[in-house]
Visitor: 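Okay, here's the structure, questions in a sec.
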Number of protein chains: 2
Amino acid sequence: MSDLLTRLREQGWRLTAQRRVVAEVLDGEHVHLTADEVHARAVDRLPEISRATVYNTLGELVQLGEVLEVSTDGRAKRYDPNAHHAHQHLICSVCGTIRDVHPSADPLAALPDAERFGFAVSGAEITYRGLCPDCRAAT
Amino acid sequence: MSDLLTRLREQGWRLTAQRRVVAEVLDGEHVHLTADEVHARAVDRLPEISRATVYNTLGELVQLGEVLEVSTDGRAKRYDPNAHHAHQHLICSVCGTIRDVHPSADPLAALPDAERFGFAVSGAEITYRGLCPDCRAAT
DNA sequence: TCCTAACTTGGACTTTGTCTAAGTCAACAC
DNA sequence: GTGTTGACTTAGACAAAGTCCAAGTTAGGA
């Protein structure tokens, strides 16, 4: 993650305590946190950090391509620090747990020209849904 | 759509004016409307219909499998009446236009067992992103 | 050490959606 | 047709997620 801080500085970022803390939270646990969860963890380290700053910083990290935004359920967006390795998501329909997964085929290749309607198609996200082992066991 | 009304009645639905109007709005234009857009169009036909009823009715249609919910951007959910034919979505990154598309391969087949982590995987949604012809021309 | 543009803050505000209590009405029985 | 009843609808309050703004603070260069 020191890589990340270096890259950000090269982009002209001011390295404030708040931004450092947000970056550390995302780096610390490889999970998919909501903005409010990031804020809660950031507050543990820097009690006076505001919600607005967390939102701003997350938005900037997304702009810079350092973090991915995942909108899966129409509720809060989740932030995925694993932005430098292509992957898709597998989500438990019951508890919402998210795993990164790696399909064997590129979904873009499966979209024929006739199905592109003149769009310049630039990417594809796949959301797999199912029941995680814990939720299977619970039923 | 009279099919739809018939199916709904068979499910024990009371056929109220409000529900009929919501069903007609979704049937009338094969687009992907937000709940508020559905409400706006419903009000044109039945001025006293309330937002709560539109939300309730859309939720019921989704439960019954007659309409799909599409959450693509963390903003408002969109409702897709084309629930009886498997398809995926292609979305313009600029204007948000959504098209139904039909990839040539089943995305489920591209997820190896080793990448399922014990989940009972039940489905996959692909969101293709790109620039629509209008937005390409505008740049 | 100073300066200043960039950053942060708290709170107001917006959007999207949910909930509730009270009133209305579709469908069935007669 | 008329009455009955539980399902449905309504308006408005509420909640969650996110944005915006004016005022205060500060990182980093001069």
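From a predicted model like this one, the values you see are computed outputs, not experimental measurements. In what follows, chains are A, B, ... by sequence order, proteins preceding strands, each numbered from 1.
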Visitor: Just by protein heavy atoms under 4.0 Å, how would nucleotides 22-30 of chain C read 5' to 3' in B, S and -?
Guide: ---BBS---
Visitor: Want to settle it: does A:Ala76 or B:Thr53 sit nearer the 5' end of DNA chain D, counting the closest nucleotide to each?
Guide: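 By nearest-heavy-atom nucleotide position, the 5'-most residue is B:Thr53.
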Visitor: State, to 0.1 Å, how close A:Pro107 and B:Tyr128 come at their nearest heavy-atom pair, and which atoms those are.
Guide: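 For A:Pro107 and B:Tyr128, the tightest heavy-atom pair comes out as O-OH, 3.0 Å.
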Visitor: Indicate, with a heavy-atom threshold strictly under 4.0 Å, whether B:Ala52 touches base, sugar-phosphate, or nothing.
Guide: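 Counting heavy atoms under 4.0 Å across all strands, the contact made by B:Ala52 includes a base.
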Visitor: NE2 of A:His39 versus C1' of C:dG10: gap in Å, rounded?
Guide: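 About 11 Å, once rounded to whole Å.
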Visitor: Listed by chain and number, what are the salt bridge (charged side-chain N to carboxylate O under 4.0 Å, His left out) partners of A:Glu115, not counting sequence neighbours?
Guide: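 Counting only residues at least two positions away or on another chain, A:Glu115 forms no salt bridge (charged side-chain N to carboxylate O under 4.0 Å, His left out).
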Visitor: Mind checking what makes side-chain hydrogen bond (donor to acceptor under 3.5 Å, both in side chains) contact with B:Ser50, not counting sequence neighbours?
Guide: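 Only B:Thr53 meet the side-chain hydrogen bond (donor to acceptor under 3.5 Å, both in side chains) criterion with B:Ser50.
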Visitor: Under 4.0 Å from any atom of DNA chain C, heavy atoms only: list the residues of residues 54-73 of chain A that qualify, in numerical order.
Guide: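 Within this stretch, nothing sits under 4.0 Å of the strand.
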Visitor: Output every pair passing salt bridge (charged side-chain N to carboxylate O under 4.0 Å, His left out) with a member in residues 39-51 of chain A, not counting sequence neighbours, ordered by first then second residue.
Guide: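 Listed by first then second residue: A:Glu24-A:Arg45, A:Glu29-A:Arg41, A:Asp36-A:Arg51.
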Visitor: Drop me the distance from B:Gln11's CD to B:Leu64's CG, to the nearest 0.5 angstrom.
Guide: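 So the gap between those two atoms works out to 5.0 Å.
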Visitor: Would you grab the first and last nucleotide of DNA chain D (5' to 3') that comes under 4.0 Å of any non-hydrogen atom in chain B?
Guide: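 Boundary nucleotides touching chain B, in 5' to 3' order, are D:dG6 to D:dA11.
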Visitor: Can you name the salt bridge (charged side-chain N to carboxylate O under 4.0 Å, His left out) partners of B:Arg14, sequence neighbours left out?
Guide: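 Here no residue qualifies.
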Visitor: Can you sort out the partners of B:Asp73 under salt bridge (charged side-chain N to carboxylate O under 4.0 Å, His left out), two or more places apart, ordered by chain and number?
Guide: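 Partners of B:Asp73 under the salt bridge (charged side-chain N to carboxylate O under 4.0 Å, His left out) test: none.
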Visitor: How far apart are the closest heavy atoms of B:Arg129 and B:Ser93, and which atoms are they?
Guide: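 It is CB-OG, 4.1 Å.
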Visitor: I want to confirm an ordering. Mapping A:Arg51 and B:Arg51 to their closest nucleotides on DNA chain C, which one lands closer to the 5' end?
Guide: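 Its nearest nucleotide lies further toward 5', so the answer is A:Arg51.
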Visitor: Strictly below 4.0 Å: does A:Arg19 bring a side-chain N or O up to OP1 or OP2 of C:dC7?
Guide: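 Answer yes for this pair, as a side-chain N or O of A:Arg19 is under 4.0 Å from OP1 or OP2.
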Visitor: What is the distance from atom CG of A:Leu68 to atom CD of A:Glu125, rounded to the nearest 0.5 Å?
Guide: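 A:Leu68 atom CG to A:Glu125 atom CD measures 8.5 Å (nearest 0.5 Å).
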Visitor: Who else is in the cluster with B:Ile98 when I, L, V, M, F, W and Y are joined by side-chain contacts under 4.5 Å?
Guide: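 Noted: B:Ile98 shares its cluster with B:Ile91.
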Visitor: Could you work out, with salt bridge (charged side-chain N to carboxylate O under 4.0 Å, His left out) as the rule, every residue matching B:Asp106, not counting sequence neighbours?
Guide: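 Checked B:Asp106 against salt bridge (charged side-chain N to carboxylate O under 4.0 Å, His left out); zero matches.
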Visitor: So if I take the C1' atoms of five pairs at each end of the helix from C:dT1-D:dA30 to C:dC30-D:dG1 and get each local axis, what angle do the two axes make, rounded to 10 degrees?
Guide: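 Answer rounded to 10°: the end axes differ by 30°.
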Visitor: Applying salt bridge (charged side-chain N to carboxylate O under 4.0 Å, His left out), which residue pairs with at least one partner in residues 53-71 of chain B are found, sequence neighbours left out?
Guide: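 For residues 53-71 of chain B: B:Arg7-B:Glu66, B:Arg19-B:Glu60, B:Glu69-B:Lys77.
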Visitor: Roughly, in whole Å, what's the span from CZ in B:Arg75 to P in C:dG17?
Guide: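 Interatomic distance, CZ of B:Arg75 to P of C:dG17: 10 Å.
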Visitor: Hey, are A:His85 and A:Asp100 close enough side-chain-wise for a donor-acceptor pair under 3.5 Å?
Guide: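 No, no side-chain donor-acceptor pair sits under 3.5 Å.
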